[in-house]
There are 2 protein chains.
Amino acid sequence: MCHLHTFKDIINKTILNSENKNKALELNPNVSVDCVIFGFDFDQLHCLLIDSGLSKSTGRSRLAVPGDLIYDNETLDEAANRVLKELTGIDNIYLEQVGAFGDPNRMGKESDKEWLKSMRAEPDARVITVAYFSLVKMNDFNPEASSFAESAGWAPIKEIDELAFDHYEILQCALKQLKRKIKIQPIGFNLLPQKFTLSQLHKLYESILNKPLDKRNFRRKILNLQILTPLNEKQIGVPHKPSQLFEFNEENYQKLSSEGFDNFGF
Amino acid sequence: MCHLHTFKDIINKTILNSENKNKALELNPNVSVDCVIFGFDFDQLHCLLIDSGLSKSTGRSRLAVPGDLIYDNETLDEAANRVLKELTGIDNIYLEQVGAFGDPNRMGKESDKEWLKSMRAEPDARVITVAYFSLVKMNDFNPEASSFAESAGWAPIKEIDELAFDHYEILQCALKQLKRKIKIQPIGFNLLPQKFTLSQLHKLYESILNKPLDKRNFRRKILNLQILTPLNEKQIGVPHKPSQLFEFNEENYQKLSSEGFDNFGF
DNA sequence: CCAAAAGTGTTGAAGTTACACCCATGC
DNA sequence: GCATGGGTGTAACTTCAACACTTTTGG
């Protein structure tokens with residue numbers, strides 16, 4: 001799995017951040033946001049997780065989805081964007097709300113309580129969290145090179161089987177929503193670099209939908225939508241026939257979606 | 001439109017309700033649930049609204065979707081069910097979360113503030129609301145005959161153009177989700193009596209999707225799903241050829257959905 | 001007998017699936 | 001020259017949309 005070893009409290013970091021110092025008193029103790037951040041390495045779908053360090057009670061490491069309590073003067077979307085910006089340094093990340101999770105016992109595990117005590121002013125408060133999923137170009141955030149080198153990392157979705165709090169459930173809901181959405185809107189482009197090949201896009205769809213898709217049919221469907229612009233460029237340095245590169249054509253997509261398109265038909 | 005005249009504070013009613021007296025101190029000031037309740041009268045889709053009475057500042061009546069702050073020891077789903085039960089007296093209503101709405105200014109209109117002051121212990125608290133939509137058989141709740149005779153009523157969806165707080169936006173989101181969902185799961189049966197005709201179901205789909213559907217194609221598709229049981233009964237007393245009555249067949253539906261059906265294809 | 005809604009089949013068009021071989025490159 | 005992934009077309013099948021007339025009842 002990914003390399004996540006020691007614990008850094010990104011929430012404290014936030015509060016101490018000078019820009020936010022005047023907001024610190026307005027943290028709402030009852031509402032948080034959690035962001036499931038997806039990334040794609042041309043092979044598998046990944047999720048960005050943070051590490052709480054070893055739990056004293058279980059001796060095991062607790063991984064979680066990044067999140068924070070909200071400030072009373074920001075919207076939920078703003079709070080989610082803030083969490084993303086603080087962790088990855090990236091603005092304008094694709095973001096979509098998944099829903100609210102509010103089981104009173106969602107933070108009830110012993111190892112979770114330890115963690116909460118170390119990072120929350122009111123660790124016993126009832127917290128409802130609003131979950132988001134976001135899509136980032138994986139190269140835009142390399143945890144190894146950031147200040148979160150040891151507390152955040154990309155984990156392949158398939159290898160995640162347990163998370164802190166109710167985050168495993170949240171991840172599954174986010175994944176379900178991504179699967180649904182990818183079929184009716186070309187949001188997958190947010191996971192790829194600006195220039196990409198049809199094979200990369202193909203693989204991305206297979207990874208998200210978790211099933212093989214026929215190569216020729218996939219290409220035909222995507223190209224028929226006319227939302228890809230072929231570039232006068234090919235892959236270089238690959239040990240096989242170099243592939244045509246494409247760009248996502250936002251203009252055509254806007255035209256298409258205003259005409260009422262809503263289905264890729266996979 | 002529907003008949004909604006005077007104001008009754010269903011929230012106060014809740015707090016004073018003996019069963020809940022011991023919970024009253026645990027009302028969470030920052031999180032509420034709001035329920036968009038849909039009903040169908042065989043002609044149009046309706047929504048159950050409550051009336052705040054006339055606003056002093058605008059002189060206009062403010063209609064809203066029913067809702068309440070949550071208790072710290074209940075889940076969000078439980079809170080939504082509580083609101084539904086208190087208003088309609090019905091248990092086991094079909095319920096689905098729409099999402100969280102948390103703009104800090106969502107309760108900012110003057111006329112809304114008046115109302116809040118009359119019903120909330122902390123009228124100025126930042127409140128995030130979790131919206132739900134629910135489907136009820138319209139005959140199961142007749143506001144005229146209930147204790148909410150004058151403060152709650154069914155309004156045709158098409159005639160609603162303004163609501164208190166951000167409830168109009170919430171209604172539109174709920175409606176969008178209902179449209180999406182009705183195409184892939186037969187939840188429409190929750191809006192009809194146990195015995196119904198294909199024409200009624202047809203009209204229901206047209207009302208929700210807000211477009212005409214071909215009669216023959218509709219019947220074929222629905223019948224092909226084999227989730228309807230034809231009864232040995234017909235309509236009586238109608239001034240035209242009486243229609244065959246059907247029941248929803250839950251057993252077949254379960255079988256079908258476990259086999260992975262997910263599309264009505266409208 | 002008239003008005004009103006129920007009920008019923010076919011056809012052409014569109015879309016979907018399944019499938020196999022040659023091509024360009026680096027080594 | 002060989003291994004690797006890139007790129008291409010067609011035929012069978014399924015699904016969908018469009019469309020008009022006869023039937024049964026109450027009044």
Side-chain angles (χ1 to χ4, degrees), chain A residues 40-44 182-184 192-193 195-207 209 211-247 256 259-266, chain B residues 40-44 182-184 192-193 195-207 209-226 228-247 256 259-266:
Chain A
F40 180 63
D41 65 355
F42 302 121
D43 179 45
Q44 289 182 72
I182 198 84
K183 290 186 194 178
I184 58 176
L192 292 171
K195 300 172 181 182
F196 53 86
T197 71
L198 286 181
S199 293
Q200 288 166 348
L201 189 61
H202 181 209
K203 185 85 199 206
L204 171 58
Y205 270 78
E206 291 188 325
S207 301
L209 299 176
K211 67 177 183 191
L213 298 171
D214 182 87
K215 183 167 60 161
R216 279 179 280 196
N217 295 337
F218 177 84
R219 287 170 168 251
R220 191 180 9 250
K221 279 184 197 173
I222 286 286
L223 290 173
N224 281 345
L225 290 175
Q226 307 218 239
I227 53 174
L228 296 187
T229 308
L231 301 171
N232 288 325
E233 266 185 87
K234 295 188 172 188
Q235 282 182 311
I236 48 171
V238 288
H240 53 77
K241 181 172 174 178
S243 175
Q244 166 83 256
L245 287 169
F246 290 84
E247 255 181 7
L256 191 58
E259 285 166 8
F261 121 96
D262 72 345
N263 208 324
F264 275 66
F266 294 117
Chain B
F40 179 64
D41 66 354
F42 302 122
D43 179 46
Q44 289 183 72
I182 198 85
K183 290 185 194 177
I184 57 175
L192 292 171
K195 299 173 182 182
F196 54 86
T197 71
L198 285 182
S199 293
Q200 288 165 348
L201 189 61
H202 181 209
K203 184 85 198 203
L204 171 57
Y205 270 78
E206 291 188 326
S207 302
L209 299 176
N210 198 29
K211 67 177 185 192
L213 299 172
D214 182 88
K215 183 166 60 158
R216 281 178 281 196
N217 294 338
F218 177 83
R219 287 170 169 252
R220 193 183 5 252
K221 279 183 199 174
I222 287 285
L223 290 174
N224 279 345
L225 291 175
Q226 308 217 241
L228 297 186
T229 308
L231 302 172
N232 288 325
E233 267 184 87
K234 294 187 173 189
Q235 281 183 311
I236 47 173
V238 288
H240 53 75
K241 181 172 175 178
S243 174
Q244 167 81 258
L245 288 169
F246 289 84
E247 254 180 10
L256 191 57
E259 284 165 11
F261 121 96
D262 71 345
N263 209 323
F264 276 65
F266 293 118

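Scored by the ring pair (Phe, Tyr, Trp, His ring centres under 6.0 Å) test, B:F196 finds B:F189 as partners (sequence neighbours excluded).
Within 4.0 Å (heavy atoms only), B:S199 reaches sugar-phosphate atoms of the nucleic acid but no base atom. Note on A:Q235: nothing from the nucleic acid sits closer than 4.0 angstrom, heavy atoms only.
Atom CZ of B:R220 sits about 8.0 Å away from atom CG of B:D214, to the nearest 0.5 Å. For the atom pair CG (B:D41) and CG (B:L204), the distance works out to 10.5 Å, reported to the nearest 0.5 Å. We find the CG-CZ distance between B:L201 and B:F218 to be 4.0 Å, quoted to the nearest 0.5 Å. Summarising the geometry, atom NZ belonging to B:K234 is positioned 7.0 Å from atom CD belonging to B:Q244; distances are rounded to the nearest 0.5 Å.
Protein atom CG of B:D43 is 11 Å distant from nucleotide atom P of C:dA5, rounded to whole Å. Spacing between atom CZ of A:F246 and atom P of D:dG6 amounts to 12 Å, rounded to whole angstrom units. A:L198 places its CG atom 13 Å from the C1' atom of D:dG5, with the value rounded to the nearest Å. Between B:L213 atom CG and D:dC16 atom C1' there is a gap of 13 Å when expressed in whole angstrom units. At whole-Å resolution of the value, CD in B:Q200 and P in C:dG7 are 11 Å apart. The distance between atom CG of B:L245 and atom P of C:dG7, rounded to the nearest whole Å, is 9 Å. Look at CG on A:N224: it is 12 Å from C1' on C:dA14, rounded to the nearest Å. The distance between atom NZ of B:K221 and atom P of D:dA18, rounded to the nearest whole Å, is 10 Å.
Each of A:Q200, A:E233, A:E247 was compared with A:K195 under the side chain to side chain donor-acceptor pair (under 3.5 Å) criterion, and only A:E233 meets it.
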Please list each protein N or O that sits under 3.5 Å from an N or O in nucleotides 24-27 of chain D, with the distance.
from	atom 1	to	atom 2	distance (Å)
D:dT24	O2	B:K241	N	2.7
D:dT25	O2	B:P239	O	3.4
D:dT25	O2	B:H240	N	3.4

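A:Q44 and A:S207 make their closest contact through CA-OG, 4.2 Å (heavy atoms, listed as atom of the first residue, atom of the second, distance).
Comparing the axis of the opening five pairs of the helix from C:dA13-D:dT15 to C:dC27-D:dG1 with that of the closing five pairs yields an angle of 20°, rounded to 10°.
No hydrogens or angles were tested; on distance alone, a donor-acceptor pair under 3.5 Å links the side chain of A:R216 to the base of C:dA20.
With a 4.5 Å cut-off on side-chain heavy atoms, A:F246 and A:L223 count as touching.
Of the candidate nucleotides C:dT10, D:dT10, C:dG7, C:dG7 has the atom nearest to the side chain of B:R219.
Side-chain N or O atoms of B:H202 include none that pairs as donor or acceptor with a backbone N or O of B:R219 at under 3.5 Å.
Where B:T197 and B:D214 meet DNA chain C, the nucleotide closest to each residue was compared, and B:T197 sits on the side nearer the 5' end.
For the pair B:S243 and C:dG7, the criterion of a side-chain N or O lying under 4.0 Å from OP1 or OP2 is met.
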